[in-house]
K.L.:
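One structure, as structure tokens, below. Some questions next.
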Amino acid sequence: KIRFIATNVSKDQVHELAVLKTKDDGTFDNIGEIEDIDPEPGGSVVLDLKPGTYQLACLIAIGEAGSTVDHYQQGMHSVFTVR
């Protein structure tokens with residue numbers, strides 16, 4: 001089991017932290033997430049991850065939580081591997 005802890009250091013944007021499992025066809029399954037993290041506070045989630053490739057990502061889309069940009073398309077994601 002892995003605990004993910006997220007703190008939103010933004011002064012004015014809502015974010016989220018999604019844990020995405022990369023499937024063989026290149027698509028993703030959302031394994032778990034911390035949603036709607038307001039500026040300053042944070043949250044955590046504990047997930048039991050199997051070996052494989054994953055991404056941590058903010059999935060806030062245009063219009064969601066007042067956002068004018070798609071956070072994933074803005075580069076708010078990172079790949080990691082569980083062995």
Side-chain angles (χ1 to χ4, degrees):
K1 294 188 184 222
I2 300 172
R3 174 176 293 207
F4 295 90
I5 301 169
T7 301
N8 182 356
V9 297
S10 171
K11 300 279 187 224
D12 58 0
Q13 294 183 27
V14 173
H15 290 285
E16 64 184 26
L17 178 70
V19 180
L20 309 174
K21 171 77 168 89
T22 307
K23 299 192 310 187
D24 291 339
D25 64 2
T27 61
F28 302 98
D29 280 333
N30 189 334
I31 304 301
E33 61 188 304
I34 306 165
E35 292 188 280
D36 300 326
I37 307 168
D38 289 325
E40 302 297 332
S44 69
V45 63
V46 177
L47 301 171
D48 187 12
L49 301 182
K50 298 184 183 340
T53 302
Y54 295 81
Q55 278 195 38
L56 295 177
C58 183
L59 300 179
I60 298 288
I62 294 173
E64 187 178 356
S67 182
T68 59
V69 296
D70 182 299
H71 289 200
Y72 188 90
Q73 289 180 351
Q74 293 292 304
M76 297 182 200
H77 53 90
S78 181
V79 175
F80 70 98
T81 302
V82 174
R83 296 181 194 258

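Only heavy atoms go into these numbers, but all of them, side chains included; no hydrogens, no water, no symmetry mates.
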K.L.:
Might you work through the side-chain contact (heavy atoms from CB on, under 4.5 Å) test for F28 and L59, ending with a clear yes or no?
P.N.:
CA-CA 12 Å; F28 302 98; L59 300 179; over 6 Å; no
K.L.:
Got a second to check how far L49's CG is from I2's CD1, nearest 0.5 Å?
P.N.:
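It comes to 4.5 Å.
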K.L.:
C58 and H15: which non-hydrogen atoms are nearest, and at how many Å?
P.N.:
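That would be SG-ND1, 3.6 Å.
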K.L.:
Using every non-hydrogen atom in the two residues, find where I62 and D70 come nearest and quote the distance to one decimal.
P.N.:
CG1-N, 3.5 Å
K.L.:
For atom CG of D25, is the number of surrounding heavy atoms from other residues, nucleotides or ligands below 6.0 Å larger than 12?
P.N.:
yes
K.L.:
Roughly how far, to the nearest 0.5 Å, is CD of E33 from CG of L20?
P.N.:
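One gets 8.5 Å once the value is rounded to the nearest 0.5 Å.
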K.L.:
Sequence neighbours left out, what pairs pass salt bridge (Lys or Arg N to Asp or Glu O under 4.0 Å) with at least one residue falling in residues 2-20?
P.N.:
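Of all non-adjacent pairs touching residues 2-20, those that pass salt bridge (Lys or Arg N to Asp or Glu O under 4.0 Å) are K11-E40.
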K.L.:
Taking all atoms of both residues into account, what is the closest heavy-atom pair of P39 and S10, and its distance?
P.N.:
CB-O, 3.1 Å
K.L.:
Tell me whether I37 is reachable from F4 by hopping between hydrophobic residues (I, L, V, M, F, W, Y) whose side-chain heavy atoms are closer than 4.5 Å.
P.N.:
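Yes; tracing contacts between hydrophobic side chains, which count when under 4.5 Å, links both residues.
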K.L.:
Taking all heavy atoms of L17 and all of L56, pick out the closest pair and write down the distance.
P.N.:
CD1-CB, 3.9 Å
K.L.:
So, for S67 and A61, which heavy atoms are closest and what is the spacing to 0.1 Å?
P.N.:
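Looks like CB-O, 3.8 Å.
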K.L.:
Which heavy-atom pair separates I34 from G43 by the least distance, and what is that distance?
P.N.:
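That would be CD1-O, 3.5 Å.
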K.L.:
Check for me, please, whether V69 and M76 land in the same ILVMFWY cluster - side-chain distances under 4.5 Å, paths through other members count.
P.N.:
no
K.L.:
Mind telling me whether Y72 and H77 have parallel, tilted or perpendicular rings, with 30° and 60° as the class edges?
P.N.:
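The arrangement is parallel - the two ring planes meet at less than 30°.
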K.L.:
Going by the rule ring-ring contact (aromatic ring centres under 6.0 Å, His included), which residues pair with Y54 if we only count those two or more places apart in sequence or in a different chain?
P.N.:
F80
